[in-house]
Amino acid sequence: MKGRWELIVGAVGGLGLLAGSALGLWWAPQERFMLETGRILYVHVPTAWLSMILFTAAFVGSIGWLVKRRWGFDFLSEASVEAGVVLGCLLSVQGSIWAHWTWNTWWAWDPRLTSVAVMVLSFLGILALRSFVDDPEKRATWSATATIVAWVNVPFVYLCVKWMRSLHQGQSSVANIDPDMGKVLLLNTVAVTLVAIYFVVTRWRIANAVHQREFTE
Amino acid sequence: MILLSLSAAFAQGMPAMHTDDGTSHMVWAYVATAVVYLGYTAFLVVRGHQEKV
Amino acid sequence: MPDPAILATAVGRRFAGRWAVRDVSLTVAQGESVLVHGANGSGKTTLLRVLASAISPTAGSVTVLGKPAIEARSKVGLLSHADGHYDELSGRDNLELAVKLGHLPDRIDAVLERVGLAARAGDAVRGYSAGMRKRLAFARLLLKAPPVVLMDEPYAALDPAGHQFVDELCAEFSAQGATVLISTHQVGRVAQWCDRAIRMDQGRLGWSGDASELRTRPADAVAAAEERA
Amino acid sequence: MELILESRAVLAKELLHVWRARARLVATGTFALATLLLFSFAGGLNDAALRENSAGYLWIGILLASTLALGEGLRVETEHNAIEMLLLLPVSPAAIFYGKAIGNLLVLLLVGIVMLPFLTVLFDATPTEGVGPLLLCLFAGSAAISAPGTLHATLAARARSRDVLLPLLLFPLVIPCVVAAVQATHLVYAGDPMDQLGSWLGVLFAFCVVHWSVGGLLYSRVVED
């Protein structure tokens, strides 16, 4: 447990999220149009922001592995993809709940929501690929390749869904952010970032331990 | 987090999905958020323990 | 001093934590013929595949005729367990493909005759026996006629006439000044004509010496030679 | 230059192989037609709805058939390690990728073309914008599927449980090009008053540029050991 700085980071993040949520639930003013559901934003936006960053971290890790061939990059890619998928799934659930109130359907083809859902599917495929390949080096190289292709694909998903949707329904967007709401949003974003750092670093250490075990057998 | 959200829910009486101002939706969203964040943390702690990180 | 045909320095290859080949350094001069023998799983196949740049070494490096192995693939011919044929194509198609893609001289009929497949050249490889598939692989090797020839278990799946055929083929390659490396269990047979022998033992280079010592009583001669080494 | 010559030679091998194993090609085409039939039964009796969704049925049929064609195309390479034989000839990995990807593209295009008359018969869908734009849509969509498809089919062919892995990896990836292809094809069938066909084909073209270049660059990582 020595030198596990990320525990502190995670704890601070967790508390921040706790406080932010409390503020979001009770203190922050009600959003003009979305009324109470507007409060979902305080957990939805930060999570959305983080899942994007995590998938980008996986992309960077993949390029790092292909160029430098250092295992640390592969661990980063593995950890980021896994955490990204977890947050991505949460995001889809939140989006679905929010869509249910806003449009009374469980799933709105909102370009952002759909892009995240498609990304989660792509990266779930990559997690499956990792489990289907035994040789660590092949697993690292192939999942890096698939991650790069999946990441490069994201803009297309967003664009196509946006075009497809804008032909039918108008797009919803948040009215201007009230300064108080903005503060809570910022707090939660920072908090979720810290929690995500804890996730990735812990998962990185686990991947490293698995690697050491695999290579000392 | 879970306790907080649940208490908020019970404070509003854990309404069914059709309240007009969307409180119930918000509550469910927070509960989901709490479950996922804590669930994944638990997973990492357990896995970390197994791998003697 | 001309570049050595093959120069391996501290070569290692690891598969998921297990070193199949570990810290092997080997120099093979041009035109030399070397027998590689050793128990199953001793790393013979992996060593040959690393030398042929079919797989990249996890540690160390390999140069062929002075150039890194990956850049010298046109100079190396590998006969491996997997014969690399397309089942749906005929024997001739497979060879024509190699000629076109490998920019090789079109001596297809000659090599088909040489390996005894002229009659069945038009049939799909799907219908070939294991021995015939091996002969087709030899045909492709003859077409390429590379300066460095690596053979992994060339005698496997061949009938006695096939064994004779392999001996002639190796003699032909050596006569042309090619460097030949053969991994086989037919130690006695190959020791008759090759220059040097090396033995792989659990991924490492074990006994190495002149092949003549193996010619008398191959099995125990190796053991005896090792006690002395 | 060198890459083009080598790719053309690999493509020639690909087409020769498809021709020699044409029974499999017929099976892939029949499979695609079967999906069309399934859709028409599943789609219910409302003809207008069937006609409206015919473009979607076409592309889902092509996508499902593509997993057969792609999986088969790579099984052939890895079964006796023929791909290693090619690499050691030597043939550059990029040439193998482009040769095979173009081969797969032509196969998918062929499957699509075979489905067109059935689309008209089963769903009473006639291309109001003419057959030219329709073939262009087929070509663009097939090209968009075959590039990532070839790359991931190679990955799947060398991993365990390949039949599961290919669709799992490929389908999320090609969602944007299915969206674009279906929208474009639908415009061709139903008419394109606001001339949006160009923009959808533009998206498909951009998708192809990205995935054909990324595929070529990364293919060596997938095939080299």
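A, B, ... follow the sequence lines: proteins, then strands. Residue 1 opens every chain.
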Task: Non-hydrogen side-chain atoms of A:Val133 and D:Arg158 separated by less than 4.5 Å - done: no
- [ ] Specify the closest pair of heavy atoms between A:Ser131 and D:Arg160, including all atoms of both residues, with the distance to one decimal.
- [x] O-NH2, 3.2 Å
Open item on the list: Restricting to non-hydrogen atoms, name the atom on D:Ala159 and the atom on A:Phe132 that form the minimum distance, rounded to 0.1 Å.
Closed with: CB-O, 4.0 Å
- [ ] Under 4.5 Å heavy-atom distance to chain A, tell me which part of D:Leu151 shows up: side chain, backbone, both or neither.
- [x] side chain
- [ ] Return the option, out of D:Ala156, D:Pro148, D:Ala180, D:Ser199, with the maximum number of heavy-atom pairs under 4.5 Å with chain A.
- [x] D:Ser199
Task: chain A contact via D:Val214 - which portion, at a heavy-atom distance below 4.5 Å - done: side chain
Task: Test item: A:Leu124 and D:Leu168 side chains (from C-beta on) under 4.5 Å apart, heavy atoms - done: no
Task: Residue D:Ala206 versus chain A: region with a heavy atom under 4.5 Å - done: both
TODO: Select, from A:Asp134, A:Val120, A:Ile126, A:Leu159, the one with the greatest count of heavy-atom pairs under 4.5 Å involving chain D.
DONE: A:Asp134
Task: Side-chain heavy atoms of A:Cys160 within contact of D:Val203, under 4.5 Å - done: yes
Task: Closest non-hydrogen atom pair between D:Val210 and A:Phe156, with its separation - done: CG2-CZ, 3.6 Å
TODO: Evaluate the ring planes of D:Trp200 and A:Trp163, with Trp represented by its six-membered ring, and classify them as parallel (under 30°), tilted (30 to 60°) or perpendicular (over 60°).
DONE: perpendicular
- [ ] Mark yes or no for whether D:Arg221, through its side chain, and A:Leu66, through its backbone, hold a donor-acceptor pair below 3.5 Å.
- [x] yes
TODO: Tell me, for D:Thr154 versus chain A, whether the close heavy atoms (under 4.5 Å) come from the side chain, the backbone, both or neither.
DONE: neither
Open item on the list: I need the minimum non-hydrogen distance between D:Pro172 and A:Val118, along with the two atoms involved.
Closed with: O-CG1, 3.5 Å
Open item on the list: Out of D:Leu217, D:Leu165, D:Asp225, return the one with the most heavy atom pairs under 4.5 angstrom to chain A.
Closed with: D:Leu165
